[in-house]
Asker: 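First the structure, which I've put down as structure tokens, then a few questions once you've had a look.
Naming: A, B, ... by sequence-line order, numbering from 1 per chain.
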Amino acid sequence: MKPLIDPARLDLAAEYRAKPFGRHSPELQAVLDVMHRPEHCQDLILVSIEPGKWMLGQRLPDGKPPRLIENRVFTRLEDGEWEAFRRRWKALTGQELKLP
Amino acid sequence: MNKPTVVGYLDSLYAHPGDAVIVRVSVFDPAGRYTADLVRLICGETGPKGPGIKEERIEVGLAKEYAGGEQPTPIGSYVIVEKMPQLGAVEMSLRVWPTLPGKGQQALVSLGPLRLFIDQSGAVALAANGESISTGRPLRARAWHRVKARYDPATGAARLSSAPLPGFHGDAKTEAKGGLPVVKPKGPLLMAAAPKPGGGTTDHFYGKLEAPVLRSGKLKARWDFSRAIDTAKIEDVSAAKLHGRTVNAPKRAVTAAKWDGSTHDWRRNPAHYAAIHFHGDDLSDAGWKPSLNFKLPKNLKSGFYAVKLQASGPAFYVGFIVSPRPGAKRAKLAVLASTVTYLAYANYRRRMTPGPFELAMGALPTVDMTDIVLADHPEFGNSTYDVHRDGFGVAHATIRRPLFNMRPGGRFWNFSMDLCLIDWLDNQGIEYDVVTDHELHEQGTGLLKSYKAVMTGSHPEYHSLEMLQALEAFVSSGGRLMYMGGNGFYWRVTFPRAHPGMIELRRSEDGTRAWAEMPGQYYHSTGEYGGLWRRIGRPPNALVGIGFIAQGFDASTYYRRTAASRDPRATFLFAGIDEEIIGDFGAWGDGASGLEIDAYDAHLGSPPHALVVASSENHSNAFMLVNEEMLNNSHGVDGTLNARVKADIVFFETPGGGAVFSTGSIAYAASLAHNGYDNNIARLTRNVVERFLDPAPFKPPAS
Ligand SMILES: [Fe+2]
């Protein structure tokens with residue numbers, strides 16, 4: 001089956017990495033719209049463990065606190081968003097996202 | 001990954017200099033020790049692009065170490081009838097509309113050791129001393145049933161039945177009978193909860209109950225929930241007058257079994273509203289014991305304050321406002337702290353629940369370790385952005401519990417965003433008082449009468465009719481209003497008299513909303529019609545020239561000046577500003593226009609003579625036209641495609657010599673500190689403040 005996003009479009013990943021917030025091209029937005037669907041978004045969340053330090057977590061049902069899912073600390077929100085993008089890319093394409 | 005291990009709350013969101021303040025504290029830290037201090041808050045966490053936390057210690061003799069323990073929070077609503085007579089054989093009946101049958105044991109009526117309840121399977125059961133018989137047939141969720149039970153304490157003989165009310169097909173009446181242990185049914189009588197051994201309640205029921213009847217010998221108590229709907233009273237209409245009361249504010253003015261759509265206003269036909277909706281996660285008063293008591297200095301500056309509590313882990317800030325004592329000398333400028341909106345948002349849990357958050361918001365949700373403490377403690381209740389465990393919207397919010405958003409950190413929003421205004425005013429040396437939404441509701445326009453100008457917070461979203469009328473009267477009598485945010489004057493809230501400290505909110509009809517009110521329940525328990533003020537007939541556009549148009553939570557953008565900014569009426573606004581583009585910077589999203597934004601719309605009542613002096617442009621894909629602006633869903637509504645997705649900065653004069661200035665964006669406040677407070681947004685704002693404090697009257701242009 002054809003993947004929902006095209007793993008060859010590294011240019012779109014690069015566009016996202018350069019500017020995760022703000023205007024995106026229609027093609028990048030189409031990729032994000034797939035990644036953000038309930039079935040693909042992985043219920044991710046960024047948890048600030050102290051001011052200016054963030055970890056990725058997963059939102060859990062029934063009001064439970066999020067589960068921290070990776071032992072990595074981001075000092076910029078943008079880096080956390082990029083990590084979320086990479087995880088979704090991998091889940092949707094089966095391929096590790098590697099940009100030069 | 002330290003979390004705060006102490007939390008607390010005050011009895012009011014505001015206090016005056018000289019007042020005694022009581023703090024109620026709960027300590028989770030096993031060492032049971034904590035420190036406290038009073039601080040004036042000047043600036044909150046702003047991220048790397050803003051000035052960051054600034055606070056000032058105030059010496060009030062509070063800074064010591066204290067001993068304390070965890071205080072229980074008895075969450076869950078129910079009815080209690082305290083005084084009950086001696087009971088013999090009992091017969092009970094009531095109508096039941098369960099919302100979570102099969103999700104745990106839920107009590108319907110409790111009489112000491114005798115319980116009528118819904119068992120684990122969702123079927124009606126009767127228990128004596130823990131031994132029970134069940135009909136064995138689960139009740140249907142969200143459907144009305146008649147439930148009956150009899151019990152003879154002489155023999156232990158019991159029978160019970162449940163039957164769907166006509167209108168629901170496919171379910172049959174089910175009965176059960178048998179012998180139960182011999183116990184003595186006795187008061188207090190509880191509905192929707194069971195007494196917990198050792199005190200408190202347990203087994204809270206989720207759903208609606210109606211028309212409970214209890215027969216025993218000559219007694220025939222009949223509680224009619226259609227009476228005194230706007231109170232916490234429960235009236236027994238029988239001769240026995242076994243009146244009771246509600247605890248933790250279950251939702252009243254909800255549709256009953258009889259409701260057929262023939263009325264939508266409970267006051268016109270209360271019999272159609274003879275039900276109460278209970279939730280195991282309703283909370284109107286945590287009821288903690290006082291822990292600390294201190295006095296505010298008589299000469300204390302008006303402002304944003306917090307009692308800072310700390311054990312192991314980071315501090316927990318108990319935010320509040322110090323406003324001038326009535327009769328005290330006033331500054332010319334009042335900052336109106338959006339305490340009602342802070343309360344509506346307090347204990348917002350939804351950001352932590354699974355779901356496609358980014359489709360609507362454009363970025364991942366973020367929380368901090370204080371929010372995690374909230375998740376650890378469901379008993380601190382929900383926000384009006386959450387739904388109850390049974391999926392129904394949370395319509396009540398109380399100040400009588402720890403509030404996790406009245407602090408200088410966490411989400412850069414409301415209280416913490418409004419500190420950007422305080423920080424800027426302090427930096428500019430502009431004198432101001434801070435007054436609150438709550439005082440505006442209580443005192444009306446008299447609260448504002450000695451002020452030349454009133455500055456709102458960045459997101460004054462929730463208002464009672466009294467608050468709106470007070471602001472309208474202020475503006476029409478020559479007052480000057482600076483609306484410093486977005487999505488303001490949007491939802492109606494009410495203050496039910498029976499529940500001090502609590503607001504009620506019904507998200508009626510439509511609007512950009514976290515949940516939808518149920519059909520037939522658009523009127524508040526106060527009798528006021530709920531929903532958006534634009535639907536009720538008081539659009540924000542009429543008061544402040546603009547109204548909610550779009551939102552997005554990824555990035556902000558700039559404004560471009562319009563030709564109207566050169567109108568002689570607007571000259572004072574742009575004195576010293578040569579740029580065409582303003583606000584292309586800021587601590588939230590790198591721009592002054594962002595988060596939630598408002599635009600001019602004459603059809604919604606924006607004054608025709610209002611000048612739109614600048615409009616934002618270049619909003620992102622995440623910004624979408626709000627749904628109340630659309631008759632049907634459509635493509636082409638995001639900021640890259642839709643020209644209506646913009647914030648308007650608006651200025652207009654009022655006939656009484658007053659004027660209004662509106663920024664139309666929540667992110668605006670976060671741009672004021674840019675470049676050491678020297679920037680065109682700060683300049684524009686300063687120009688407005690100076691002219692608005694000048695008594696020379698404004699005059700609308702001759703038409
Ligand atoms: Fe809001």
Side-chain angles (χ1 to χ4, degrees), chain A residues 15-16 18-69 71 73-85 87-88, chain B residues 1-3 44-48 52-53 281 313-314 349-378 382 386 389 408-411 552-557 589-591 594 618-623 638-641:
Chain A
E15 182 193 340
Y16 183 80
K19 192 182 174 191
F21 305 129
R23 278 198 175 195
H24 307 310
S25 68
E27 286 174 298
L28 171 55
Q29 187 60 47
V31 168
L32 293 172
D33 285 346
V34 171
M35 289 184 168
H36 294 163
R37 287 186 201 170
E39 62 272 32
H40 301 310
C41 72
Q42 303 179 27
D43 299 325
L44 298 175
I45 186 170
L46 284 166
V47 180
S48 172
I49 53 169
E50 56 186 89
K53 289 190 181 167
W54 309 84
M55 285 176 81
L56 213 50
Q58 187 193 6
R59 288 169 273 150
L60 300 175
D62 304 322
K64 287 196 283 283
R67 188 167 56 85
L68 295 175
I69 54 175
N71 202 16
V73 175
F74 307 103
T75 53
R76 300 184 325 139
L77 277 173
E78 289 86 341
D79 299 337
E81 295 275 354
W82 172 240
E83 181 55 29
F85 187 95
R87 288 175 159 264
R88 291 158 174 168
Chain B
M1 269 169 285
N2 270 334
K3 299 186 267 194
E45 267 174 40
T46 54
I53 293 231
D281 52 2
R349 297 171 184 274
R350 235 201 190 154
R351 281 176 294 156
M352 289 181 266
T353 61
F357 187 91
E358 292 145 284
L359 281 182
M361 311 296 272
L364 284 168
T366 58
V367 292
D368 72 355
M369 299 314 287
T370 300
D371 299 315
I372 302 290
V373 174
L374 177 65
D376 290 337
H377 293 271
N382 302 295
D386 297 306
R389 200 175 140 233
R411 189 182 181 196
F553 303 87
D554 60 333
S556 305
T557 181
D590 294 318
N618 200 29
H619 280 283
S620 74
N621 319 59
F623 279 75
D638 80 39
T640 67
L641 301 167

Asker: With rounding to the nearest 0.5 angstrom, report the CG to CD distance, D368(B) to E50(A).
Answerer: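 It comes to 11.5 Å.
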Asker: Which pair of heavy atoms, one from L364(B) and one from G80(A), lies closest together, and at what distance?
Answerer: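 Smallest heavy-atom distance, with atoms named: CD1-O, 4.2 Å.
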Asker: State, to 0.1 Å, how close H36(A) and P356(B) come at their nearest heavy-atom pair, and which atoms those are.
Answerer: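 Reported closest heavy-atom pair: O-CB, 3.4 Å.
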Asker: For chain A, which candidate among S620(B), G552(B), P365(B), A375(B) shows the most heavy-atom pairs at distances under 4.5 Å?
Answerer: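 The option with the most such pairs is P365(B).
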Asker: Step by step, work out the side chain to side chain contact (heavy atoms under 4.5 Å, CB included) result for L46(A) and V367(B).
Answerer: CA-CA 7 Å; L46(A) 284 166; V367(B) 292; over 6 Å; no
Asker: What part of I45(A) gets closer than 4.5 Å to chain B, counting heavy atoms only: side chain, backbone, both or neither?
Answerer: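 Contact with chain B: backbone and side chain both.
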Asker: Count the heavy-atom pairs under 4.5 Å between each of T366(B), N621(B), L359(B) and chain A, then report the option with the highest count.
Answerer: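 Greatest number of close heavy-atom pairs with chain A: N621(B).
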Asker: Any idea which of R389(B), K3(B), R349(B), R351(B) has the most non-hydrogen atom pairs under 4.5 angstrom with chain A?
Answerer: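 The candidate making the most pairs under 4.5 Å is R351(B).
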Asker: Any chance you could measure S48(A), atom OG, to R411(B), atom CZ, to the nearest 0.5 Å?
Answerer: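 One finds 14.5 Å between OG of S48(A) and CZ of R411(B).
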Asker: Flag yes if more than 12 heavy atoms outside K64(A) fall under 6.0 Å of its NZ atom; otherwise flag no.
Answerer: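 Yes, because the 6.0 Å sphere around NZ of K64(A) holds more than 12 heavy atoms from other groups.
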Asker: Go through the atoms of A622(B) and report whether side chain, backbone, both or neither lie under 4.5 Å from a heavy atom of chain A.
Answerer: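 Nothing of A622(B), per the 4.5 Å heavy-atom cut-off to chain A.
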Asker: Check each atom of P378(B) against the heavy atoms of chain A and say whether the ones under 4.5 Å are side chain, backbone, both or neither.
Answerer: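 For P378(B), neither part sits under 4.5 Å from chain A.
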Asker: Could you tell me which of G362(B), A555(B), G409(B), G410(B) has the largest number of non-hydrogen atom pairs under 4.5 Å with chain A?
Answerer: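 Counting heavy-atom pairs under 4.5 Å, the top option is A555(B).
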Asker: Ignoring hydrogens and angles, state whether a donor on the side chain of N618(B) or R23(A) is under 3.5 Å from an acceptor on the partner side chain.
Answerer: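 Short answer, yes.
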Asker: Taking side chain as everything from C-beta outward and backbone as N, CA, C, O, which of these in M35(A) sits under 4.5 Å from a heavy atom of chain B? Side chain, backbone, both or neither.
Answerer: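 Looking at M35(A), nothing touches chain B.
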Asker: With a 4.5 Å heavy-atom cut-off, do L60(A) and M352(B) have their side chains touching?
Answerer: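 Not touching, per the 4.5 Å side-chain cut-off.
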Asker: Verify, without hydrogens or angle tests, whether R59(A) (side chain) and T353(B) (backbone) share a donor-acceptor contact under 3.5 angstrom.
Answerer: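 Yes, because the side chain of R59(A) sits within donor-acceptor range (under 3.5 Å) of the backbone of T353(B).
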Asker: Assess whether a salt bridge exists between R37(A) and E358(B), defined as any Lys/Arg side-chain N lying under 4.0 Å from an Asp/Glu carboxylate O.
Answerer: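 No, no charged N to carboxylate O under 4.0 Å.
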Asker: Please state whether the side chain, the backbone, both or neither of R350(B) comes within less than 4.5 Å of a heavy atom of chain A.
Answerer: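 Neither part; nothing is under 4.5 Å.
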Asker: For G22(A) and D554(B), which heavy atoms make the closest approach, and how far apart are they?
Answerer: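 Reported closest heavy-atom pair: N-OD2, 3.0 Å.
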Asker: Only pairs of heavy atoms separated by less than 4.5 Å count here; which of I49(A), L68(A), L77(A), L56(A) has the most with chain B?
Answerer: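 So the answer, after comparing I49(A), L68(A), L77(A), L56(A), is I49(A).
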